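Everything quoted here is computed from the prediction, not taken from an experiment.
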Amino acid sequence: GAGVDNVDVAAATRMGILVTVVPGANTRSVVEHALTLILSLMKQIPLMDREIRRDNFAIRFKNLPRDLNGKTLGLVGLGRIGSELARICRQAFDMRILACDPYVAPETMAAVKGWVEFCSMEKLFREADVISLHIPFSPETQKMIGARQLGWMKPDAFLVKTSRGGVIDEGALFQCLKERKIAGAGLDVFAREPLPEDHPFKGLDNVILTPHTAALTRECVMRVAVEAAQATLDVFQGRKPDGVVNPEVLTQPGWQGFSGV
């Protein structure tokens with residue numbers, strides 16, 4: 001996959017084991033999933049489905065769905081997935097794009113110059129109609145989004161998370177959703193997976209839950225498998241594969257003579 005949350009990279013490095021990921025293999029699949037969550041929230045699809053099954057066809061007259069066109073999208077993280085979601089939302093829905101990413105690559109910043117506004121976290125959370133999180137999990141990002149940041153959000157705004165579960169304080173998000181301080185959330189990843197049977201998110205009607213499945217499309221799992229196999233072949237054939245996580249391994253004695261360094 002694209003993350004190393006379940007790999008002890010430090011131990012692998014000590015043992016001289018090269019760790020690689022497959023960057024970009026899941027980009028479009030995750031973008032499509034994030035966009036699906038955004039549209040489902042804006043159009044109130046889960047609510048509409050529940051009500052029509054209860055024979056409440058009159059729900060249509062409450063005018064609860066909203067247009068995505070012209071709204072403001074806030075992106076926390078503008079890597080491959082965040083920048084592609086930004087492009088689609090800008091081109092397809094004429095959305096205003098706000099972004100917060102202190103580590104954004106210079107080439108990415110140059111590519112989005114003029115139509116992505118980089119701003120502070122506070123400005124993004126206060127002004128966005130939809131906030132989508134696209135940041136990796138690390139000690140620096142653990143519970144990066146908490147009660148303070150959620151408290152900045154507009155009461156009719158939505159939060160979408162398809163990156164890693166631990167980047168948000170789930171207790172704070174639960175309280176925020178329970179008290180209707182924001183309109184809702186779409187969550188594909190969680191701090192603990194699978195969700196415990198008694199997880200409080202399951203009792204909320206303003207959150208869409210999916211089982212960390214954004215990158216598990218039929219096509220994406222094939223791409224990931226092929227690219228992972230290619231990385232192995234690259235090493236056997238003396239080439240440095242893409243997506244090396246611990247390149248310092250290549251300087252160790254066991255890798256002397258490796259032509260891909």
Side-chain angles (χ1 to χ4, degrees), residues 1-34 75-88 99-112 116 118 132-144 161-168 188-191 193 212-261:
V4 291
D5 303 53
N6 57 347
V7 178
D8 190 337
V9 177
T13 302
R14 289 194 301 272
M15 298 172 69
I17 298 171
L18 194 67
V19 178
T20 69
V21 293
V22 286
N26 66 355
T27 297
R28 182 51 70 96
S29 299
V30 177
V31 167
E32 289 183 6
H33 197 91
L75 294 164
V76 182
L78 202 70
R80 288 183 177 89
I81 294 170
S83 57
E84 180 65 6
L85 181 61
R87 183 190 66 80
I88 291 174
C100 180
D101 187 344
Y103 306 108
V104 65
E107 57 270 23
T108 299
M109 185 172 287
V112 301
V116 171
F118 289 90
S132 192
L133 307 181
H134 300 283
I135 45 179
F137 179 75
S138 70
E140 289 181 348
T141 62
Q142 185 173 19
K143 294 188 178 181
M144 179 179 177
K161 181 176 59 164
T162 55
S163 53
R164 288 293 183 266
V167 302
I168 195 165
D188 183 54
V189 289
F190 309 92
E193 297 178 356
H212 202 155
T213 192
L216 296 182
T217 66
R218 184 182 306 174
E219 296 82 0
C220 187
V221 295
M222 291 178 66
R223 284 196 303 273
V224 169
V226 169
E227 292 190 25
Q230 184 60 55
T232 304
L233 292 173
D234 286 343
V235 172
F236 285 150
Q237 294 168 6
R239 296 189 300 267
K240 182 179 178 181
D242 293 332
V244 174
V245 176
N246 55 347
E248 60 270 32
V249 165
L250 298 175
T251 66
Q252 295 181 10
W255 289 85
Q256 285 181 350
F258 178 64
S259 58
V261 177

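Two residues are said to be in side-chain contact when any heavy atoms from C-beta on lie closer than 4.5 Å; Arg164 and Ile135 fail this criterion. You'll find the side chain of Val189 stays beyond 4.5 Å of the side chain of Thr162, heavy atoms only. Contact check for Thr232 versus Thr20: no side-chain heavy atoms found under the 4.5 Å cut-off.
When only modelled atom types and interatomic distance are considered, Ser29 and Arg223 share a side-chain donor-acceptor pair under 3.5 Å.
The main-chain N or O of Ala215 is never found under 3.5 Å from a side-chain atom of Asn26 such that the two would form a donor-acceptor pair. Asp234 places no side-chain N or O within 3.5 Å of a backbone atom of Lys240 that could act as its donor or acceptor partner. Not a single donor-acceptor pair under 3.5 Å links the side chain of Thr141 to the backbone N or O of Met144. Judged by distance alone, with hydrogens and angles left aside, the side-chain atoms of Trp255 form a donor-acceptor pair with the main-chain N or O of Gly16 at under 3.5 Å.
Just one residue in the list Glu84, Glu219, His33 forms a side-chain hydrogen bond (donor to acceptor under 3.5 Å, both in side chains) with Arg28, and that residue is Glu84.
What you find for Leu75 and Gly82 is that their closest heavy atoms are CD1-O, 3.3 Å. Across every non-hydrogen atom of Leu85 and Ala34, the tightest pair is CD2-CB, 4.2 Å.
More than 12 heavy atoms of other residues, nucleotides or ligands sit less than 6.0 Å from atom CG of Asp5. The environment of CD in Glu140 is sparse: at most 12 heavy-atom neighbours from other residues, nucleotides or ligands sit within 6.0 Å.
Under the rule for a side-chain contact (heavy atoms from CB on, under 4.5 Å), the partners of Val19 that lie at least two apart in sequence or sit in another chain are Val4, Val7, Ala12, Val245, Asn246.
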